[in-house]
Amino acid sequence: MTSFSFDRDNSLYKNRDALLEEYTPNNLVGRDDELEEYHAALQPIINGEAPSNIFLYGKSGVGKTAATRFLLNQLQEDAARYDDITLSVVEINCDGLNSSYQVAVRLVNTLRDPADQISNTGYPQAQVYSFLWDELDELNGTIIIVLDEVDHINDNSILYQIPRARSNGYLEHAKIGLIGISNDLSFRDSLSAKVRSSLCEKEVSFPPYDATELQKVLSQREQVAFHENALAEDVIPLCAAYGAQDAGDARQALDLLLEAGDLARKDAAEQVVDHHVQEARRKLERDRIMEGVADLTQHARLILYALTSLEAEDNSPARSRDIRPRYEQLCNHIGTEALTSRRMRDHLADLAMLGVISSTEKNEGMSGGKYREHALKQDLHLVVSALEETIELAGVHESIRPYYQSLLDERED
DNA sequence: TTTCCACAGGAATAAAGGGCGA
DNA sequence: TCGCCCTTTATTCCTGTGGAAA
């Protein structure tokens with residue numbers, strides 16, 4: 001019988017945690033100009049002046065959050081040297097919070113004792129804000145509130161309320177500075193003028209990393225995370241090249257390096273090499289799709305299933321009116337009413353956003369009009385395996401039978 | 001230059017569901 | 001238990017879009 005005892009294996013990693021998202025390095029490489037600008041925006045705090053509101057923008061994985069943690073840690077250390085400054089930092093990530101109400105609840109719960117938390121629903125909005133002002137005023141001094149991924153919030157209410165809380169008389173003692181971090185470059189323009197003028201007092205833009213900068217970032221982490229010679233020579237350049245290709249995203253490049261390291265360790269390899277990186281890349285992409293599809297509603301999955309079956313018949317790209325009959329057929333099969341075309345288009349747009357399908361705009365002018373064509377963006381086998389439960393529920397469509405069967409065969413082996 | 005097509009997608013609104021305080 | 005408040009998912013209605021054809 002196989003033995004499942006655990007033995008410590010530190011042959012490759014020295015400190016694997018250095019590749020994780022929560023790790024903050026001692027210095028940030030490749031972001032000198034941005035740090036300088038950001039530093040200047042935070043300077044009033046240490047001078048004992050009212051903090052500015054700062055808006056950071058740039059695509060995901062370009063160092064916005066890391067720069068914030070790095071500078072705020074430094075700021076807190078330095079502020080401790082001055083008796084007349086009490087500085088508190090509250091950081092929350094707005095991913096999964098899509099209203100000001102939910103953000104306010106999260107802030108209250110972050111500030112409160114775990115035994116005294118409030119529920120996510122049930123209170124009038126004004127009541128939740130009132131809880132928030134009480135908590136902030138109790139902290140006293142200068143408070144920096146960091147809202148990461150602030151573009152996930154659908155309404156601007158909290159972005160308007162927080163900067164004005166003191167002038168509106170909700171706060172007596174606390175001085176608030178708001179730092180909003182956004183991955184969505186158009187978010188700033190979508191804000192109303194009054195929110196923009198208060199939130200975007202100071203703006204710092206983070207451009208994507210280029211391959212050279214990514215190499216610096218990866219090499220810095222390599223030295224902390226891995227033993228000497230644990231990586232083959234081309235591993236860092238390869239991860240950096242993929243990272244630069246994926247919109248200059250250092251987070252993805254680091255995840256790739258971590259996954260490649262884990263695969264090498266699983267193989268009991270002496271060194272992380274090229275093929276570990278390739279395999280890691282496939283695995284990360286696969287995980288991302290599987291996770292995305294698992295979170296979809298039943299109708300979104302049926303719509304994806306409809307498109308998948310059309311793809312298997314070589315009938316893609318397909319416009320929404322071609323997908324609809326197949327989708328209705330699947331709904332019929334499981335005895336549920338199909339959603340309206342409008343809602344179906346919403347789901348198709350969500351699937352495109354997720355990166356499972358691609359949508360291209362077409363225009364045939366006077367006779368044909370304007371429409372979108374949809375096709376699978378991912379490997380058919382992968383989508384079929386992500387949709388397995390839906391396929392079982394709605395019946396195996398003839399066109400995807402071979403793909404579904406190969407999935408079952410694979411599992412048998 | 002104007003017209004027309006097909007449908008994308010914005011806005012308003014409804015329905016269902018869940019938590020809270022009284 | 002009831003009314004209130006919020007969220008999520010959906011529907012209905014309607015305007016906007018842009019390239020080919022007239």
Colleague: Using a 4.0 Å heavy-atom cut-off, write out nucleotides 8-21 of chain C from 5' to 3' as B (base contacted by protein), S (sugar-phosphate only) or - (no contact).
Modeller: SSBBBB---BBBBB
Colleague: Relative to the 5' end of DNA chain B, which residue comes earlier, A:Arg319 or A:Ala349, by the nucleotide with the nearest heavy atom?
Modeller: A:Arg319
Colleague: When the distance from OH of A:Tyr371 to P of B:dG9 is rounded to whole Å, what number comes out?
Modeller: 15 Å
Colleague: Donor-acceptor check, side chain of A:Glu172 to backbone of A:Asp137, threshold 3.5 angstrom: yes or no?
Modeller: no
Colleague: Rounded to whole angstroms, how far apart are CD on A:Glu337 and C1' on B:dA15?
Modeller: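 Whole-Å distance recorded here is 15 Å.
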Colleague: Who pairs with A:Ser52 by side-chain hydrogen bond (donor to acceptor under 3.5 Å, both in side chains), at least two apart in sequence or on another chain?
Modeller: none
Colleague: With the sugar-phosphate defined as primed atoms, P, OP1 and OP2, and the base as all remaining atoms, what B/S/- string results for nucleotides 17-22 of chain B, 5' to 3', for protein heavy atoms under 4.0 Å?
Modeller: --BSS-
Colleague: Using a 6.0 Å distance limit plus a 45 degree cone around the ring axis, check whether A:Arg265 lies over the aromatic ring of A:Tyr13.
Modeller: no
Colleague: Quick one: are A:Ile158 and A:Tyr129 in side-chain contact, heavy atoms under 4.5 Å?
Modeller: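 With C-beta onward as the side chain, the pair touches.
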Colleague: If the cut-off is 4.0 Å, is A:Arg321 near the phosphate of B:dC7, judged by side-chain N/O to OP1 or OP2?
Modeller: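 Yes, A:Arg321 has a side-chain N/O under 4.0 Å of OP1/OP2 on B:dC7.
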Colleague: Determine whether a donor-acceptor pair (N or O, by modelled atom type, separation under 3.5 Å) exists between the side chain of A:Arg166 and the backbone of A:Ala174.
Modeller: yes
Colleague: Under a 4.0 Å threshold between the charged nitrogen and the carboxylate oxygen, would A:Asp322 count as salt-bridged to A:Arg319?
Modeller: no
Colleague: Run the numbers on A:Arg286 and A:Ser385 for side-chain contact (heavy atoms from CB on, under 4.5 Å), then give the verdict.
Modeller: CA-CA 10 Å; A:Arg286 188 186 171 85; A:Ser385 91; 3.7 Å; yes
Colleague: Any carboxylate oxygen within less than 4.0 angstrom of a Lys/Arg side-chain nitrogen, looking at A:Glu388 and A:Arg411?
Modeller: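 Salt bridge between A:Glu388 and A:Arg411, a charged N being under 4.0 Å from a carboxylate O: yes.
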Colleague: Can you tell me if the side-chain N/O atoms of A:Arg372 get under 4.0 Å from OP1 or OP2 in B:dG9?
Modeller: yes
